[in-house]
Amino acid sequence: MRKRRRTVHFMAVSGLLLATFGVGPIGEALAQQRPAVVVTPGSARTFRAAVQIFADRSEIPEPNQVQVFHANVESALEFSGVFKLVSHRAFLGPVTSASLDHGPPMVCSDWSQIGADAFVEGELIRGRELSIEFRVWDTARCVRLTRKRYKQPLTADQGFLARRVADDIVASFIGMRGVASTEIAYVSTRDGNTEIYVMSADGSRQRRATRNGSINNFPDWAPNGEGILYTSYRHQNRPLLFLSSRGRNRPGRLLKRLGGKRSEYRGVFSPSGSRIALVMSNLGQGPEIYTVRADGRSLKRLTRSRAIEIAPAWSPDEKRIAFVSDRSGSPQVYVMDVDGSNQQRLTFQGSYNTHPAWSPDGRWIAYESRIGGQFDIWLIDPDGELNFPLIEHPRNDESPAWAPNSRKLAFSSGRRGRADIYVVDVNGENVRRLTRGSGENTSPSWGPFPR
Amino acid sequence: MARSAMAYGVVLAAGLMAFGLAGCASDGTSGSEGGSDSTGSEFSEGGGGGGGAGSGTSILEAVYFDYDRAELRSDARTTLQANASSVKNGGGHITIEGYCDERGSEEYNLALGERRANGVRQYMVDLGVPASRLSTVSFGEARPAVAGHTESAWRYNRRAEFKAR
């Protein structure tokens, strides 16, 4: 069952790889063979990669262009948590790639001898466009896993292209793309107001996405990457759900057609993007969970009690929803069917468990747990059999959000005194802080793979 | 930070002077739907409404809560009895705003802030204030009255405020 689901996931990812969006692969993966060792998600196994500086075949080479590109690929590979790098000083073979089609034959032993599991070679041509072609080898079996080409306008972000190549190298080894080329939305008070921001998953290119001077919170990416759903007090000083779309100047109210005075606290897209689960309170009634079509129609109420019912999180197959209720006297994580039936309690330890986030591969529900006055992120499997802290740290960690490949989570933490956005691998290692400077940075939402 | 401290000052001043309602129903929320500011960013949107986050005038003394609780403390009940008398003698509509300190899940704190505001509203209705004149809204952890990451700030941030509009 589980195995089958993973296969489906991998196929979906392959489908995405072939789509084009600004940068598009114009070649294709010529070999779809898997490496000798296949890691399962969450495994601590890392591979060692030897990455050559790509051959610069531009008619007029730009100084340092291939070196900068190489540094970006390497740092994105380290970010993945899947690869460690072999230093150029250890290379037996050449540091710089030869021409891919006319170079000498591959000598796998040059690379396997220095402990490299993966060998990456490539070439770069700067003409009317920037063109990159690269190959990934499994040195132990001496098999080429991937050969791929990308083109993008000279004005586009080269760092993005390098992250994209690194994400493909990850895919060739573990069957799941890396997430260096994805984006994270979050909330920051750095400019004095509480606004939504967007950054690359490695923390680069931080920029503001809302500017209405009110309170904006709980960003949630549309699964196609084209919009962000969020809560804002911009209208009548009351929390309401808005959808901002790329390229559109004004955000739209999700539930504009509904009358009455109510608070819309938070909305989250289903994995397919067709529906939205949301938390809404009619005056004095307490927050309840609903689902609605992504166009704002067909509202369905899932919970009915005097208790607090919040924090919906979709299962990847959209058949179940995890949520939080304090019907037992303290906030705990529950799971229900998507029609609201079959509600069952999942967490039992402690008196404060909130903010469930279901991993895209279905294996884990991450949540926030308070023990002894301190908040940590825990992982529990949907059957409630395995339950353990992702990381334990003396400062508060909150608001887990999964990367689309299920290998990383973003979260908010007060480790530095004020709140910042961090990312961590699902095995609890490779913790990195993404936000710097002033203000509180909270409520991360990890965006989809780029198309 | 400066803004939070100022907001706190307003609440205190308003509380000490125990304003009646009449003549005090100014509204800071209008204009929050300002014109568009084309910034060219990918998600640019209508901006304007500076001060949209600053809601109406604080007109009654705020009440405070224990950590992670929504029950009314005895000091809160005393304050609310005075507030209820003022409201009954005045006119207009009051919005009760529920707030929490910064600890814990933001979404849960929105729900807790709502529960605090609803509890205050129900108590004032029980004291004879017409329900139709009281509405509630929760801000959760947003807009702390006092900046800081210790109990000396948190105790003033777990609160319900009263705004005329």
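Letters go in sequence order (proteins before strands), and every chain restarts at 1. All values reported here derive from a predicted model rather than from experimental measurement.
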Give, as side chain, backbone, both or neither, the part of [X] having an atom under 4.5 angstrom from any heavy atom of chain B.
X      : answer
A:R238 : both
A:T354 : side chain
A:R306 : backbone
A:Q374 : neither

Side-chain donor-acceptor pair under 3.5 Å between [X] and [Y], yes or no?
X      : Y      : value
A:S232 : A:N216 : yes
B:S85  : B:Q81  : no
A:Q206 : A:R190 : yes
A:E195 : A:T210 : yes
A:S369 : A:D376 : no

Next item on the list: List in chain and number order the residues that pass salt bridge (Lys or Arg N to Asp or Glu O under 4.0 Å) with B:E102, two or more places apart in sequence or in another chain; answer none if no residue qualifies.
Entry: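 Salt bridge (Lys or Arg N to Asp or Glu O under 4.0 Å) list for B:E102, sorted by chain: empty.
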
Next item on the list: For B:E107, check salt bridge (Lys or Arg N to Asp or Glu O under 4.0 Å) against everything at least two apart and list the hits.
Entry: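 Scan of B:E107 (salt bridge (Lys or Arg N to Asp or Glu O under 4.0 Å), adjacent residues dropped) gives A:R266.
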
Margin query: Looking at chain B, which one of A:N396, A:D326, A:I196, A:T189 has the largest number of heavy-atom pairs inside 4.5 Å, strictly under?
Written below: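 Option with the top pair count is A:D326.
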
Check: Taking every heavy-atom pair that is under 4.5 Å apart, which of A:F375, A:Y265, A:F218 has the most such pairs with chain B?
Finding: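 Winner by heavy-atom pair count: A:Y265.
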
Check: Where does B:T95 contact chain A at under 4.5 Å (heavy atoms): side chain, backbone, both or neither?
Finding: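 Answer is neither: B:T95 stays 4.5 Å or more from chain A.
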
Item checked: With sequence neighbours excluded, residues passing side-chain hydrogen bond (donor to acceptor under 3.5 Å, both in side chains) with B:T136 ->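 Scan of B:T136 (side-chain hydrogen bond (donor to acceptor under 3.5 Å, both in side chains), adjacent residues dropped) gives B:N118.
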
Item checked: Candidate pair A:R451 and A:E226, rule salt bridge (charged side-chain N to carboxylate O under 4.0 Å, His left out), full reasoning -> CA-CA 10 Å; A:R451 284 193 283 171; A:E226 289 301 300; 3.5 Å; yes

Margin query: Please identify, among B:A142, B:S135, B:S138, B:S105, the residue contributing the most non-hydrogen atom pairs under 4.5 Å to chain A.
Written below: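 Highest number of pairs under 4.5 Å: B:S105.
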
Next item on the list: Report, by ascending residue number, the residues of residues 65-74 of chain B in heavy-atom contact with chain A at a distance under 4.5 Å; give 'none' if the set is empty.
Entry: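 Heavy-atom contacts from residues 65-74 of chain B to chain A are B:Y67, B:D68.
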
Check: Any chance CZ of A:R327 has more than 12 other-residue heavy atoms, nucleotides or ligands included, within less than 6.0 Å?
Finding: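 Correct, the count exceeds 12.
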
